[in-house]
2 protein chains.
Amino acid sequence: MSAPQDCPGCAAPDLAFAAHDHAHCAQDALARAEALTATTGARLTPVRRRVLEILLEEHKALGAYDVLARLATEGFGNQPPVAYRALEFLVEQGLAHRIQRLNAFTACVHPGEDHAPAFLICRTCHTVAEAEATAARAALDTEAARTGFQVERSTIEALGLCPNCRGQA
Amino acid sequence: MSAPQDCPGCAAPDLAFAAHDHAHCAQDALARAEALTATTGARLTPVRRRVLEILLEEHKALGAYDVLARLATEGFGNQPPVAYRALEFLVEQGLAHRIQRLNAFTACVHPGEDHAPAFLICRTCHTVAEAEATAARAALDTEAARTGFQVERSTIEALGLCPNCRGQA
DNA sequence: TGTATGTATGTAATATCATAACACGTCAAG
DNA sequence: CTTGACGTGTTATGATATTACATACATACA
């Protein structure tokens with residue numbers, strides 16, 4: 001495992017859209033996940049680890065049943081809870097994110113850097129990228145506070161065209 | 001129908017949370033909806049109008065099946081498409097919004113004022129309020145643009161505690 | 001007035017997403 | 001060596017959403 005700044009692909013903010021060594025990117029995320037769980041004591045069991053690997057194969061969001069189908073062919077259980085539980089674990093640990101708009105899940109590319117990103121979802125190629133959401137979240141919190149509402153968690157997701165698909169249109 | 005500034009309840013930004021004359025608030029939204037559809041030529045048929053009324057009864061989000069159950073007892077169809085079609089129409093016309101986080105729908109309290117609000121969802125009383133999202137959306141668009149992503153639609157939803165429920169906690 | 005056309009509604013069937021409840025196995029602490 | 005926590009497997013069911021087709025209703029216009 002290399003530090004993030006050692007990998008041009010992994011360090012880029014537009015990671016998902018830019019051409020990059022995805023194998024390295026996935027390996028890196030997996031290694032970090034292992035380091036993280038070792039630290040916190042959370043158990044990255046075979047099913048959970050495999051689900052993370054599956055999510056890391058592409059910068060896309062996968063439905064729970066897509067994941068489940070993969071697991072089933074590999075000798076794991078084939079009932080929905082098997083997938084949902086592993087996904088829930090990964091989300092709790094910050095190793096994956098749920099994309100509300102798609103009822104689907106995507107691997108976190110920056111595990112450990114405690115963050116609540118915005119998601120950029122390309123409506124053509126279905127790639128999902130994480131984007132920095134600090135400013136947007138701050139604006140939302142401020143606006144909410146004006147009405148006395150206290151934000152605990154927020155969902156920020158954008159649908160649109162990624163740079164690659166824009167070029168082709 | 002009165003202009004928005006004539007109604008203290010309807011003009012307030014924290015409409016949903018503040019004590020207000022909700023009957024007036026609902027009537028106002030309905031009247032605007034009628035005016036709007038008359039302008040655009042869209043047909044606010046009995047089912048669609050009734051669905052809007054149902055959504056306007058409270059500042060909450062209702063699931064499609066909740067709406068459907070109401071419709072069914074009133075002599076309308078009782079199959080899911082009846083509710084989904086009416087809801088889709090209302091959303092298209094800007095008369096209702098879909099809350100992704102809840103897989104549910106809520107009436108728009110400012111129909112006609114072309115807007116894409118953020119939603120503030122109270123986790124205790126389940127009230128849903130619309131909040132100004134211009135700043136948050138701008139921040140998101142800017143961040144997305146840095147990666148070359150072009151945002152077409154964005155979802156901004158916050159889960160937390162509304163002023164009333166905060167007081168009680 | 002009759003008829004064609006588009007739009008809305010009704011209905012059946014099915015697809016997709018998600019959770020509750022319980023059984024069984026494993027492993028570490030006491 | 002057993003108890004308790006946790007993880008996994010499985011059954012069953014619940015919740016959300018769409019496809020496809022049939023029917024009715026409105027509008028325009030021959």
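Here is how names work: the chains are called A, B, and so on, in the same order as the sequence lines, proteins then strands, and each is numbered from 1.
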Which atom pairs, one a donor and one an acceptor, fall under 3.5 Å between side chains of residues 159-169 of chain A and the rest of the protein, sequence neighbours left out?
residue, atom, partner, partner atom, Å
A:N164, ND2, A:F17, O, 3.2
A:R166, NE, B:Q150, OE1, 3.2
A:R166, NH1, B:G148, O, 2.9

Length of the CG-P vector between B:D66 and D:dA15, whole Å: 10 Å

Mind calculating the distance between CD (B:E74) and P (C:dT9) to the nearest angstrom? 15 Å

When rounded to whole Å, the CZ to P distance for the pair A:R101 and D:dT16 reads 18 Å

Starting from C1' on C:dT16, measure out to CD on A:Q100 and report it in whole angstrom. 16 Å

Quick check on side-chain contact (heavy atoms from CB on, under 4.5 Å): which of A:L87, A:L30, A:V47 does A:L52 satisfy it with? A:L30

Take A:R85 and A:E88, measure what salt bridge (Lys or Arg N to Asp or Glu O under 4.0 Å) needs, and give me the verdict at the end. CA-CA 5 Å; A:R85 285 192 290 229; A:E88 182 188 29; over 6 Å; no

Check the pair A:V151, A:R137 against side chain to side chain contact (heavy atoms under 4.5 Å, CB included), reporting the backbone distance first and the verdict last. CA-CA 10 Å; A:V151 175; A:R137 244 169 252 283; over 6 Å; no

Dot-bracket notation for DNA chain D, counting Watson-Crick and G-U pairs under 3.5 Å, with | for partners on another strand: ||||||||||||||||||||||||||||||

Roughly, in whole Å, what's the span from CG in B:L62 to C1' in D:dA15? 15 Å

For nucleotides 19-30 of chain C, just jot down a letter per nucleotide in 5' to 3' order: B, S or -, based on protein non-hydrogen atoms under 4.0 Å. BB----------

Run the side chain to side chain contact (heavy atoms under 4.5 Å, CB included) check on B:Y84 and B:L68 step by step: do they pass? CA-CA 8 Å; B:Y84 280 103; B:L68 180 60; over 6 Å; no

Are A:E143 and A:R146 close enough for a salt bridge, meaning some N to O gap below 4.0 Å? yes

B:N103 side chain N/O closer than 4.0 Å to the phosphate oxygens (OP1, OP2) of D:dA17? yes

Can you tell me how far P of D:dA17 sits from CG of B:L68, to the nearest Å? 12 Å

Atom-to-atom span, CG of A:L71 to C1' of D:dT8 - whole angstrom: 12 Å

Indicate whether OP1 or OP2 belonging to C:dG10 is found under 4.0 Å from a side-chain N or O atom of B:N78. no

What one should report as the nearest heavy-atom pair of A:V67 and A:A83 is CG1-CB, 4.5 Å

Between D:dT8 atom C1' and A:L44 atom CG, what is the distance in whole Å? 15 Å

Between B:V128 and B:A16 the two heavy atoms that sit nearest each other are O-CB, 3.7 Å

Thinking salt bridges, do A:D28 and A:R32 make one under a 4.0 Å N-O criterion? yes

